[in-house]
Amino acid sequence: MARKAQENPALDMTPMIDVVFELIIFFVVTLTEAQKKDETIELEDGRHGEAITPETLPPTHMQIDVNAKGRISMGNHTLTPDEVQRRVAEKYRKIGEFPVLIRADFATPHRDIAKVMNACTAAGIWKLSFMAVGEDKTNERNRLKRVRGM
Amino acid sequence: MAKKPQENPALDMTPMIDVVFELIIFFVVTIKQEDLFSRLNVNRPAPATSSAPSDSDSDDITVTIEIGARWDRNPNGVIVYNKKPLGGGGPGSAAAARKELDQNLRDIARTSKKTPIIVKCAEDSPHKALVDVLDICYKNELFSVSVFTL
């Protein structure tokens, strides 16, 4: 059935509103996903490392963020090394060995990473992983590195 | 059924807006691609063996790589192999040092891929140097890497 050409100048807003809502939902979902980590961290390249995919990294893993200033955090909560140790030990008691992934900025001094490593070791986890960029898709990081002169 | 050409000069904008929003969604989704991440796994040495790993077992070859502090204000860290700073160790030597280490580790990997690697990091060394060294180890398929803190 052919639609009659609209006589009223007012636009039919329904499809536009549909699309706008779709966009809003998309951004809300991606933003809440992104807010769970320390956004200031710039990772170093590690192209030859084991690729991180949902298949290779079990959901039981624990990610610990360390930024360039040495702030240790998990899910955007700042933690002391003692608190990290307590959390790791608690999880270790419950489920046994699990992968610990340290997401540290490329400029972080090693002493701050050693604090996290020692906390994990004291809690019973001897195998640790460092997170790196396997494949640079955004190219954002390289630009930042140039700005910082590294 | 043929549509009658519109007599009113005002264009029907709805399909155009639909298409434009679809395009926006397409570009947002494709351009804002996330980096693919990788993980570099390391072992923490047991405290008992950490004191003298090289003295007792003479038949096993272990490779020790040291990462120095920011000597000469080198922001990329200084990689010391066989007691020699690679690439000269000065500022701007980072790329040369990493290439030199790659060559050395390739020779070692040719003999045995099970050779244990010990990386000793100075407290002041930047995390990027450790990740670079681990990446070079992984590139040469040397996977048994332990990390110490000096």
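Each chain gets a letter, A, B and so on, in the order its sequence line appears, and its residues count up from 1. Keep in mind it's a predicted model, so treat the numbers as computed, not measured.
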### Query
Do A:Met16 and B:Thr14 have side-chain heavy atoms sitting under 4.5 Å apart?
no
### Message
Assess the residue pair B:Phe37 and A:Val133 against the criterion (side-chain contact (heavy atoms from CB on, under 4.5 Å)); give the C-alpha distance rounded to whole Å, side-chain angles, the decisive distance to 0.1 Å, and a yes or no.
### Response
CA-CA 4 Å; B:Phe37 297 112; A:Val133 175; 4.2 Å; yes
### Query
How far apart are the C-alpha atoms of A:Arg47 and B:Leu36, what are their side-chain angles, what is the distance that settles it, and do they pass the side-chain contact (heavy atoms from CB on, under 4.5 Å) test?
CA-CA 10 Å; A:Arg47 290 171 199 287; B:Leu36 291 179; over 6 Å; no
### Message
Is it the case that over 12 heavy atoms from other parts of the model lie below 6.0 angstrom from the NZ atom of B:Lys113?
### Response
yes
### Residue B:Asn43 versus chain A: region with a heavy atom under 4.5 Å
both
### Choice from A:Asn118, A:Ile125, A:Asp112 maximising heavy atom contacts with chain B below 4.5 Å
A:Asn118
### Summary
Cut-off 4.5 Å, heavy atoms of chain B, and the answer for A:Leu128 is both
#### Entry: Where B:Ser38 and A:Gly46 come nearest, the two heavy atoms and their spacing
OG-O, 2.6 Å
## Note on the structure
Applying a strict 4.5 Å limit to non-hydrogen atoms, the region of B:Leu40 in contact with chain A is both
### Task
Answer with yes or no whether the hydrophobic clustering places A:Leu23 together with B:Val19; edges join I, L, V, M, F, W, Y residues whose side-chain heavy atoms lie under 4.5 Å apart.
no
### Query
Quick one: does B:Asn41's side chain get under 4.5 Å of A:Lys127's, heavy atoms only?
no
### Stepwise side-chain contact (heavy atoms from CB on, under 4.5 Å) test for A:Arg111 and B:Asp124
CA-CA 7 Å; A:Arg111 81 168 68 77; B:Asp124 276 341; 2.3 Å; yes
### Query
CD of A:Glu22: more than 12 outside heavy atoms within 6.0 angstrom?
no
## Note on the structure
Smallest heavy-atom separation, A:Asp45 atom then B:Asp132 atom, equals O-OD1, 4.2 Å
### Task
Side chain from CB out, backbone as N, CA, C, O: work out which of these in A:Val100 comes under 4.5 Å of a heavy atom of chain B, or both, or neither.
neither
### Task
Examine whether an atom of B:Leu134 lies under 4.5 Å from a heavy atom of chain A, and if so say whether it belongs to the side chain, the backbone or both; otherwise answer neither.
side chain
### Query
Crowded around B:Gln103 CD? As in, over 12 foreign heavy atoms under 6.0 Å?
yes
### Query
Between A:Thr56 and B:Arg39, which heavy-atom pair has the shortest distance, and what is it?
O-NH1, 3.5 Å
### Message
Are A:Ile64 and A:Ile95 connected into the same hydrophobic cluster when the rule is that any two of I, L, V, M, F, W, Y join if their side-chain heavy atoms are below 4.5 Å apart?
### Response
yes
### Task
Before giving the answer on side-chain contact (heavy atoms from CB on, under 4.5 Å), spell out for B:His127 and A:Phe130 the whole-Å C-alpha distance, their side-chain angles and the decisive distance to 0.1 Å.
CA-CA 10 Å; B:His127 184 57; A:Phe130 296 110; 3.5 Å; yes
### Query
Taking all atoms of both residues into account, what is the closest heavy-atom pair of A:Gly49 and B:Asp135, and its distance?
N-OD1, 3.9 Å
